[in-house]
Amino acid sequence: MATSESKAPNESKASSNFIRNIIEEDVKNNKQEKVVTRFPPEPNGYLHIGHARSIWLNFGMAKEFGGECNLRFDDTNPEKEDQEYVDAIKEDVKWLGYQWSGEVKYASDYFDQFYAWALELIKAGKAYVCDLSAEDASKYKGWATKPGKESPYRDRSVEENLELIEKMRAGEFDEGACVLRAKIDMTSPNMSLRDPTMYRIRKASHHQTGDKWCIYPNYDFAHGQEDSIEGVTHSICTLEFQNNRPLYEWYLENLPVPSTPHQYEFGRLNLNYTITSKRKLKQLVDEGCVNGWDDPRMPTVSGMRRRGYTPESLKFFCDMVPVSKSNSVIDVALLERAIRDDLNDSAPRAMCVMNPLKLVITNFAEGEVEEMNAPAHPSKPELGERKLPFTREILIDKSDFTEDTTLSRKKFKRLVLGEWVRLRGAYIIKADEVIKDDSGEIIQVNASLVPDTVGNDAPEGIRPRGVIHWVSAEHGVAVEVRLYDRLFNHAEPDKDEDGFMSHVNTDNLTVISAVIEPTAAVCEPESRFQFEREGYFVADRYDHSSEKPVFNRTISLRDTWAGK
RNA sequence: UGGGGUGUCGCCAAGCGGUAAGGCAACAGGUUUUGAUCCUGUCAUGCGUUGGUUCAAAUCCAGCCACCCCAGCCA
């Protein structure tokens, strides 16, 4: 009998994760009936790669421990939010492959409850309406090393406070006239405990509640209660909320909430050569640096989708990045690794010539078509085969031919005048002659094929320098190919004093007209391919059609030779 | 000069007193009808720094240094 001690082969390959350790411990100690998490975006922009990681963490942990994860919009600031973002976020979460528990939830679902709780705090003498202007309130707050002063309105009677909050709610005051504050400690070394704001007046229409309210709770007076109402057990957020945790707990302790969630903070994801800030991404959109939030150059979930990233690759990327408490900058190479890994495995192959050069096979009859069979994937026969029409005139890439016969075999593994090369999936050919135009540019290469070399090794004495891709000049289909490059040419664009906008890579998109093998042109939008020897490409989600094919380059193939 | 955090290989990161995991990157080989993939190997006498405790310290103690967050009626 095998020992039960033998190592578990299905052990998760996921990286270390201190959050998982905490949950694991809680589950072991039966701290809760069921693990409940939540992903709580504010609908004020599109989700980016950093959110994808938070989604992965929250939904992933819930799933791993047999629990549930809510999608809850933290919609406490109507001025910055919009239904467009709500819709986009829902779509992104679904596309990533996650299913939230029950209906989508909103902080605004609980506004009535929050108001009732606010009244209770007032009755308990723990909250008051403060008439200080924003500017004065800031002065009273003090500074890090200097304790704050108590507001002159701090000791209003319960009755007066009750009357004032009702008037606030009824819209009798202008925006900014007053706020409701929690009465905690103006001398606390933790700034967030110096009588924090609970409600402020905003006479704006809300995307969910319309004009029902003109006072809105702020983040701190909403988040913990939302978590509690929903029975969230582990409330996972980013590092900058560490200072808010005592306040989060204060509200839970001073309100008759139905459950006690706990907040845990982890380091937000940063990627080099990338920006992960909704505000800054919005600026790129607003200033026309890109064509919208879902532009393929954007690190948004929808942008990456359009670029050709798969949900699997994003999850694989998250698996590779450990969850920790430090502010770290992850190398984009890790992301690129993730998408290449997924697509190498799943994407069917095709040949596409980016910079066509005519090549005539002089010993192949004009008008004749020989149909070659090539596997859709070199190591996955189950993906089937494709037909490649071979004709007298074909197209190869300009960069795959040279007249320079002095280049070593190691340095140039392509077609050299007077030498042989293998045409992928077809014959070995020899370049015999070069034809140039008046300006001296090569416009045609004449070559001869070596008979009987399709699917067979090269005969004695013939050593092809390498393998190049090709497309029949007659059957190839013209396609628009969009070659994307990184959006920023600075590793940490927003850490530089010149500001991130000055580091936008102006050469981040090249649109070319290429020629692709016929069968690959006929495909659905979002079909993914590896164009052999070039990279991974996706049929554009919006612009592609079989009649007018458009492909986006997701990522080039790894090129260990480029440095020469 | 307050409080809350973090400092281990180029980028991440495990480690929790017993003599530095792993991933990515890089480099060197091998296989290859994709210069891809895949495979193999190399890559911290060192853990911000200075002292201390100990037979033994990245791990414990003390001091110092660096970086991040907090002064929204943003989240």
Side-chain angles (χ1 to χ4, degrees), chain A residues 13 15-16 18 40-42 44 74 76-77 79-80 130 132-135 137-139 141-148 175-181 187-194 196-202 215-216 218-220 222-223 237-246 265 267 272 278-279 319-338 340-341 344-345 349 351 374 378-379 410-414 421-426 428 453-458 464 466-469 491 530-536 556-562:
Chain A
K13 65 183 170 186
S15 304
S16 90
F18 76 97
E42 182 187 15
N44 65 346
D74 226 344
T76 56
N77 187 354
E79 289 177 334
K80 291 186 175 172
C130 179
L132 245 28
S133 68
E135 198 183 332
S138 175
K139 284 177 189 154
K141 198 152 197 170
W143 175 226
T145 57
K146 179 174 65 183
E175 284 190 15
C178 52
V179 294
L180 182 69
R181 291 227 252 169
T187 66
S188 172
N190 182 340
M191 299 295 290
S192 68
L193 258 20
R194 320 246 265 223
T197 303
M198 293 165 59
Y199 268 103
R200 74 283 205 195
I201 300 168
R202 284 288 174 278
I215 57 172
Y216 292 92
N218 69 171
Y219 171 85
D220 293 299
H223 210 91
C237 63
T238 45
L239 252 29
E240 66 270 28
F241 291 102
Q242 284 175 126
N243 296 315
N244 302 48
R245 191 181 345 122
E265 312 87 11
N272 60 12
K278 274 196 269 189
R279 201 202 97 231
D319 284 338
M320 287 195 289
V321 181
V323 177
S324 77
K325 294 191 80 159
S326 50
N327 288 304
S328 51
V329 180
I330 304 297
D331 195 331
V332 268
L334 212 59
L335 218 208
E336 297 178 345
R337 164 75 197 195
R340 284 193 181 110
D341 195 80
N344 175 55
D345 197 52
R349 312 284 124 124
M351 291 194 281
S379 59
K410 187 147 194 184
K411 244 188 165 157
F412 195 78
K413 305 174 78 163
R414 311 177 186 190
V421 82
R422 159 77 68 180
L423 291 177
R424 169 126 257 229
I428 290 171
T453 51
V454 178
N456 296 321
D457 288 339
V467 181
I468 64 171
H469 56 103
Q530 182 199 98
F531 290 170
E532 291 187 288
R533 301 212 307 132
E534 292 289 353
Y536 297 98
S556 64
L557 249 30
R558 185 161 166 263
D559 190 355
T560 52
W561 170 81

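This is a predicted model, so every value here is computed, not measured. By convention in this document, chain letters (A, B, ...) are assigned in the order of the sequence lines, proteins followed by strands, and residues within each chain are numbered from 1.
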Starting at atom [atom1] of [X], determine the distance to atom [atom2] of [N], rounded to an integer number of angstrom.
X	N	atom1	atom2	result
A/W561	B/C27	CH2	C1'	19 Å
A/Y536	B/U34	OH	P	13 Å
A/R245	B/C69	CZ	P	18 Å
A/L239	B/G3	CG	P	19 Å
A/L193	B/G4	CG	C1'	12 Å
A/R424	B/U34	CZ	C1'	5 Å
A/K325	B/G5	NZ	P	7 Å
A/N344	B/C39	CG	P	11 Å

Inset, instruction - Between A/P378 and A/D331, name the one whose nearest nucleotide on RNA chain B is closer to the 5' end. - result: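 It is A/D331, whose closest nucleotide lies nearer the 5' terminus.
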
Inset, instruction - Let me know, please, whether A/V329 or A/N456 comes out on the 5' side of the other along RNA chain B by nearest nucleotide. - result: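 It is A/V329, whose closest nucleotide lies nearer the 5' terminus.
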
Touch check for [X], heavy atoms < 4.0 angstrom, all strands: base, sugar-phosphate only, or nothing?
X	value
A/T238	nothing
A/R414	base
A/K413	base
A/G148	nothing
A/V454	base
A/G466	nothing
A/F18	nothing
A/Q530	base
A/R349	base
A/R533	base
A/R337	sugar-phosphate
A/I330	sugar-phosphate

Euclidean distance for [atom1], [N] against [M] (whole angstrom):
N	M	atom1	answer
B/C47	B/U8	P	11 Å
B/A56	B/G2	P	36 Å
B/A62	B/U53	C1'	11 Å
B/U42	B/C16	C1'	31 Å
B/U50	B/A66	C1'	15 Å
B/C68	B/A21	P	32 Å
B/G46	B/G51	P	15 Å
B/G18	B/A13	C1'	22 Å

Legend entry - Candidates B/A36, B/G4, B/G23 - which lies nearest the side chain of A/T560: B/A36

Inset, instruction - Ignoring the backbone of A/T145, work out which of B/A14, B/G2, B/A25 is nearest its side chain. - result: B/G2

Legend entry - Residues, nucleotides or ligands: over 12 heavy atoms within 6.0 Å of A/N456 CG: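 Result for CG/A/N456: enclosed.
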
Legend entry - Donor + acceptor pair across side chains of A/E135, A/S133 (<3.5 Å):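 No, no side-chain donor-acceptor contact under 3.5 Å.
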
Inset, instruction - Would you please confirm or rule out a distance under 4.0 Å between OP1 or OP2 of B/A13 and any side-chain N or O of A/S328? - result: yes

Legend entry - N or O in side chain of A/R558 less than 4.0 angstrom from B/C38 OP1/OP2: no

Inset, instruction - Please round to the nearest 0.5 Å and tell me the distance separating atom CZ of A/R558 and atom CD of A/E336. - result: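 These two atoms lie 11.5 Å from each other.
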
Legend entry - Rounded distance (nearest 0.5 Å) linking atom CD1 of A/I428 with atom CZ of A/R422: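 Answer for the CD1-CZ pair, A/I428 versus A/R422, is 4.0 Å.
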
Inset, instruction - In plain terms, say whether A/K80 and A/E42 are close enough for a salt bridge, that is, a side-chain N and a carboxylate O under 4.0 Å apart. - result: no

Legend entry - Matching residue for A/R349 among A/Q530, A/H469, A/R424 - test: side-chain contact (heavy atoms from CB on, under 4.5 Å): A/Q530

Inset, instruction - Assign a letter to each nucleotide of nucleotides 70-75 of chain B from its 5' end: B, base within under 4.0 Å of a protein heavy atom; S, sugar-phosphate only; -, no contact. - result: SBSBSB

Legend entry - Conformer about C1'-N of B/G52 - syn within 90° of 0, anti elsewhere: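 Anti, angle beyond 90° from zero.
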
Legend entry - Side chain A/N243, main chain A/N190, donor-acceptor under 3.5 Å: no

Would you say that [X] contacts [Y] through its side chain, given a criterion of any heavy-atom pair below 4.5 Å between the two side chains?
X	Y	result
A/L423	A/I468	yes
A/L132	A/R181	yes
A/P196	A/D220	no
A/Y536	A/L557	yes

Inset, instruction - Take A/R200 and A/N77 through the side chain to side chain contact (heavy atoms under 4.5 Å, CB included) test and state the conclusion after the steps. - result: CA-CA 10 Å; A/R200 74 283 205 195; A/N77 187 354; 3.8 Å; yes

Inset, instruction - Check ring-ring contact (aromatic ring centres under 6.0 Å, His included) between A/H223 and all other residues, then give those that pass, not counting sequence neighbours. - result: A/Y219

Legend entry - Contiguous Watson-Crick or G-U pair runs (3 or more, under 3.5 Å) in RNA chain B: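 Expected stems, ordered by start: B:2-7 with B:65-70, B:10-12 with B:22-24, B:26-30 with B:38-42, B:48-52 with B:60-64.
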
